[in-house]
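Every chain is numbered from 1, with letters handed out A, B, ... down the list of sequences. Only this structure's heavy atoms are used, side chains among them; waters, hydrogens and symmetry mates stay out.
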Amino acid sequence: MSRITALLLCLSMLCLLPGPAHSASYIEVTAPGNRQLKLAVVPAQPAAGAAAHPELANEMAETEAFDLNMSGLFAAERHDAAPLPQGLGLSVIDYVPWLSAGYDYVIRGEYALRSDGLTAEFRLFDVLGKKQLLVKRYIGQAKDLRYFAHAFCDEVLGTLTGEKGAFTSRLIYVSSQTGHKEIYIMDWDGHNTQQITRNRSITISPDISPDGREIIFTSYKRGNPDLYKRALSSTVDVPISTRRGLNITGAWSPDGTKIALALSKDGNTELYTINRDGSAPTRLTVSHSANVSPAWSPDGSKIAFVSDRMGRPQIFVMDANGGNVHRLTTNGGSNFNPAWSPKGDKIAYTHQSGSFQIYLMNADGSGNTQLTTVGRNERPRWSPDGRLLAFSSERSGSDSIYVMRLDGSGQTKVSHTTGQNIHPVWTPRR
Amino acid sequence: MRKESKGLMIALGLVAMMAAGCAKEEVVKQDEPVVPQQTVKQAEPAQPAQPAAQQQEQKQEATASDEAAANALETVYFDFDKSDLRQDARDALSKNAEVLLKKLADAKIQIAGNCDERGSDEYNLALGDRRAKSAAKYLETLGVKADRISTISYGKEKPAVQGHDESAWAKNRRDDFVIVK
């Protein structure tokens, strides 16, 4: 324990060295190599004739700074500046003060809150290149202000890297806040939390359809651990696999046509695929052991899973039809919760030898890298852009949902619900 | 499957013969006149048999205090990450079988497999399933009919005791026996 503390101290001292690049309010560890780009987010100014609502402007600016910091590309911070006298309009900004303050990019904006809703416009400026890179205008209601900020940050990353951000994604997860494990949804940064299920039972292991419209989960609401499906727009749980025994760890195939899951109807817990309505079960694994937690490769051709066929639970991979099984993890201990990266090149998982920690490996099992060190950490899941991992950690007492970058930096608690908070899953971008 | 049930029948036959043998000895000692009749009757059921009147009496007792009867079914404990039955588990299960064959001859039970907090919750669901099933199988070999037994796994969702040490874990790695009918 003291060794971990010492390591953390070293890391946080390293963080302090680069100085101004690390002014964010949460602890983070810089990736070696690239210098982070310095970005100023100026709170948006009221449009001509619109009333000032600094609390809205500040919340949007803080949201943008938080998102862009977590991307790992930027040291982003809110930076107050005098309003542009002629508004955003067609005016060019004065780049000189930003240049001398060491900034690479500046975001400025304009907003108008009227009786019929909220309008916001954001612009990204390249300080060194002295040019405007991106303009986006958002029209909606006041409650959408965080969504506006997230949506703009998705575009900023798209403009600068060619790969959009995923800050408009939300996280589905399980919380025991009410005393029962139920499914919840929140923005990726923990805001706008809503309870989805009210089963007053044990409801766990959610997954979301690739189109973002439906979730599946396992619930004991009718006694047996059955698999249910539910449209996010609905309050009705539709049972889709109620076979005798376990109906657990459902995982939607990338093309949305099938669900892989673990069933114990034939004795052992084995992996099967079923159609999205629960029909046509096809058995994939044949063993005398437990097989759970299927994870599809993004092209749908392979499935990683957990099996204890060789002793302690380990991660294996097979073709999506069940053929060509081989073991991926050989680093001792037990290994759980495989999650395939959106690009297909990496698998994140949980390694247990004493404590539980999140690891990353190449999809062929090589190159194991430990990402977490503090507390018990489980069940990593990739953001749709592959830049972030969500996971659960009980480092601060009871389990909470955390988010971090792929190098283990920026580990940040995002869930606000009490009790146990586990099983995060990212929705597609909104 | 066929083979297994044939083996089971042979085993049950042996049990029945042994039961009959015991009864005969007892009867000889008591020197009652109805010996031959009783012996024939007792050889028929594939379970350790009892006089019908006595069975009836016990059944009434059971319905009178269902809770006491449920408590008569002992919890079975397991080693870490294991689902095979220890000696103490087999002892407990044979006592449970005795209760299910005599006192609670009509009862249906659900065996709930549970795990300690270590291991992933998803994997533990499968481990709990295996624990429930290994107890179910053993009860079946002891003569409890399979259609009286159902299983469920709660993984680590329903710990018997809170705590993060071996003494808590040992109490949580278990099969609970619940009377469902």
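In terms of heavy-atom pairs under 4.5 angstrom with chain B, the leader among A/Gln352, A/Glu378, A/Arg312, A/Gln420 is A/Arg312. Contact count against chain A (heavy-atom pairs under 4.5 Å) is highest for B/Gly119 among B/Ser150, B/Ala132, B/Gly128, B/Gly119.
Within the 4.5 angstrom heavy-atom criterion, atoms from both the backbone and the side chain of A/Ser264 approach chain B. The parts of A/Ser293 that come within reach of chain B are both its backbone and its side chain, each placing non-hydrogen atoms under 4.5 angstrom from that chain.
Using the six-membered ring where Trp is involved, A/Phe336 and B/Tyr123 have ring planes that are tilted, between 30° and 60° apart.
Heavy atoms only, all atoms of each residue included: A/Phe356 and B/Arg118 are closest at CZ-C, 4.3 Å. Across B/Ala126 and A/Val292, no two heavy atoms sit closer than the pair CB-CG1, 3.8 Å.
The environment of B/Glu166 atom CD is dense: over 12 non-hydrogen atoms of other residues, nucleotides or ligands sit within 6.0 angstrom. Other residues, nucleotides and ligands place more than 12 heavy atoms under 6.0 Å from the NZ atom of A/Lys221. Within 6.0 Å of the CZ atom in B/Arg90, the count of heavy atoms belonging to other residues, nucleotides or ligands exceeds 12. For A/Lys302, the NZ atom counts as loosely surrounded, since its 6.0 Å shell holds 12 or fewer non-hydrogen atoms of other residues, nucleotides or ligands.
Atom NE2 in B/His164 sits 9.5 Å away from atom CZ in A/Arg376 (nearest 0.5 Å). Interatomic distance, B/Glu122 CD to A/Thr350 OG1, rounded to the nearest 0.5 Å: 9.0 Å.
For a heavy-atom cut-off of 4.5 Å, chain B lies close to A/Arg244, A/Leu246, A/Ile248, A/Thr249 in residues 241-252 of chain A.
Residues meeting the salt bridge (charged side-chain N to carboxylate O under 4.0 Å, His left out) test with B/Arg86, sequence neighbours left out: B/Asp79, B/Asp88.
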Walk me through it: do A/Ile204 and B/Leu125 pass the test side-chain contact (heavy atoms from CB on, under 4.5 Å)? CA-CA 11 Å; A/Ile204 49 173; B/Leu125 286 171; 3.9 Å; yes
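One finds no salt bridge joining B/Asp121 and A/Lys181 here, because no Lys/Arg side-chain nitrogen approaches an Asp/Glu carboxylate oxygen to under 4.0 Å.
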